[in-house]
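Dropping a structure here in structure tokens format, bear with me for questions.
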Amino acid sequence: MVGSGLSNQTGAAVGSLAFPVLGPAGVVAVRQYVAAVVLLAVARPRLRSFTGRQWGPVLLLAVVFGTMNLSLYTAIDRVGLGLAVTLEFLGPLALALAAARRRVDACCAVVAAAGVVTLMRPQPSSDYLGLGLGLLAAACWASYILLNRTVGRRVPGAQGAAAAAAASAVVFLPIGVVLALRTPPTAPALGCAVVAGVLSSAVPYLADLFTLRRVPPAAFGLFMSVNPVLAALVGWIGLGQSLPLADWTAVTAVVAANAVSIAAPRA
């Protein structure tokens, strides 16, 4: 789980190094290609056997998948890795709290809301577009979770996720071609984008698949809550993106709210 989380956030940090040449859209395009190749190789979906009832949620998942990555990487470019990932993490947190009916969950929602207000407080240097894109990534992640459940019920194994990744890669193919023709990518930038795709897509997917065979889903979900902290640390150490004390406190509040909500015993 530690390897998966660090790989995901390190991949995002490495990908951001290619922003000056490829831009967030170019890096996301390469990441979508890598994700499609890996998932198609692992799942080997039988695309010709898919019915219309199966293709519907798969294509929606593809749109959400691409939008989520594009909005997240653009937010990383504007507000930094730690803040962008924390805002994106509000998506699954909101789903978890919305489905809960306990008093402790209501308290967690208040704590998380306070953290969000702190992160988005008006400042002279506030990048509201970047903050908004982080929230869009959060909405997409929540939609991604719900659509994955639907796809999982209608399509066997990981075939649905692979088909969605392939469809998303097809959508990004012309985007990648246009960007490459407009600004020919350098070898280092392209290498960073490929590494980002491997570290943020291939490694976490396979590591999570391996982990969930041995770790209960509740424990796995609890560990997922440290991803904003890992992102902030990777951004600080690897990219020199420091956060003020108030933002660190807000990130901790969001993580703590999720951890307490998951860890609290169910009635």
Worksheet item: Ser200 side chain to Gly197 main-chain N or O, any donor-acceptor pair under 3.5 Å?
Response: no
Practice prompt. Look up atom CG in Leu87 and atom CH2 in Trp141, then write down how far apart they are to the nearest 0.5 Å.
Written response: 12.0 Å
Discussion item. Would the distance check show the side chain of Thr10 and the main-chain N or O of Ser7 forming a donor-acceptor pair, the cut-off being under 3.5 Å?
Written reply: no
Item to complete: Working to the nearest 0.5 Å, report the span between CG of Leu22 and OG of Ser16.
Response: 12.0 Å
Worksheet item: How many angstroms lie between CG in Leu230 and CD in Gln9, if you round to the nearest 0.5 Å?
Response: 6.5 Å
Worksheet item: Quick one: do Leu133 and Leu135 end up in the same hydrophobic cluster if we chain Ile, Leu, Val, Met, Phe, Trp and Tyr together by side-chain heavy atoms under 4.5 Å apart?
Response: no
Discussion item. Restricting to non-hydrogen atoms, name the atom on Ser71 and the atom on Leu136 that form the minimum distance, rounded to 0.1 Å.
Written reply: CB-CD2, 3.9 Å
Fill in: Backbone N/O of Arg53 and side chain of Arg154: donor-acceptor pair under 3.5 Å
yes
Discussion item. Looking at every non-hydrogen atom in both residues, tell me the closest pair between Phe172 and Gly66 and how far apart they are.
Written reply: CE1-CA, 3.7 Å
Worksheet item: So, for Ala167 and Leu59, which heavy atoms are closest and what is the spacing to 0.1 Å?
Response: CB-CD2, 4.1 Å
Worksheet item: Do Val251 and Leu233 belong together in a cluster built from hydrophobic side chains that touch within less than 4.5 Å?
Response: yes
Fill in: Flag, side chain of Gln54 to backbone of Thr51, donor-acceptor distance under 3.5 Å
yes
Worksheet item: What pair of heavy atoms forms the shortest contact from Ala169 to Tyr33, and how long is it?
Response: O-CE2, 3.6 Å
Worksheet item: Taking it one step at a time, do Leu147 and Val64 satisfy side chain to side chain contact (heavy atoms under 4.5 Å, CB included)?
Response: CA-CA 9 Å; Leu147 283 169; Val64 167; 3.7 Å; yes
Worksheet item: If you draw a 6.0 Å radius around CH2 in Trp236, do more than 12 non-hydrogen atoms from other residues or ligands fall strictly inside?
Response: no
Fill in: Verify same cluster id: Val79, Val229 (apolar side-chain graph, 4.5 Å)
yes
Worksheet item: Shared ILVMFWY cluster between Val37 and Val42, side chains joined below 4.5 angstrom?
Response: no
Discussion item. How long is the straight-line distance from CD of Gln159 back to CG of Leu40, given to the nearest 0.5 Å?
Written reply: 10.5 Å
Item to complete: Sequence neighbours left out, what passes side-chain contact (heavy atoms from CB on, under 4.5 Å) with Pro24? Give chain and number order.
Response: Phe19, Tyr73, Thr74, Asp77
Worksheet item: Are Phe65 and Leu60 close enough that some pair of their side-chain heavy atoms sits under 4.5 Å apart?
Response: no
Practice prompt. Might you point out which heavy atoms bring Thr67 and Cys140 nearest each other, and give the distance in Å?
Written response: CG2-SG, 3.6 Å
Worksheet item: Just by modelled atom types, is the Ala164 backbone N or O under 3.5 Å from a matching donor or acceptor in the Ser168 side chain?
Response: no
Worksheet item: Taking Glu88 for the side chain and Ala138 for the main chain, is one N or O donor matched with an acceptor at less than 3.5 Å?
Response: no
Practice prompt. Examine Met68 and Ile145 and state if one hydrophobic cluster contains both, with Ile, Leu, Val, Met, Phe, Trp and Tyr joined whenever side-chain heavy atoms are less than 4.5 Å apart.
Written response: yes
Discussion item. Measuring from atom CG of Leu190 to atom OG1 of Thr186, what distance do you get when rounded to the nearest 0.5 angstrom?
Written reply: 8.0 Å
Practice prompt. Could you tell me which non-hydrogen atom of Val198 sits nearest to which non-hydrogen atom of Pro204, and how far apart they are?
Written response: O-CD, 4.1 Å
Discussion item. Nearest 0.5 Å, please: how far is CG in Leu83 from CG in Asp127?
Written reply: 9.5 Å
Discussion item. Can a donor-acceptor pair be found, under 3.5 Å and without considering hydrogens, that links the side chain of Gln241 to the backbone of Leu81?
Written reply: yes
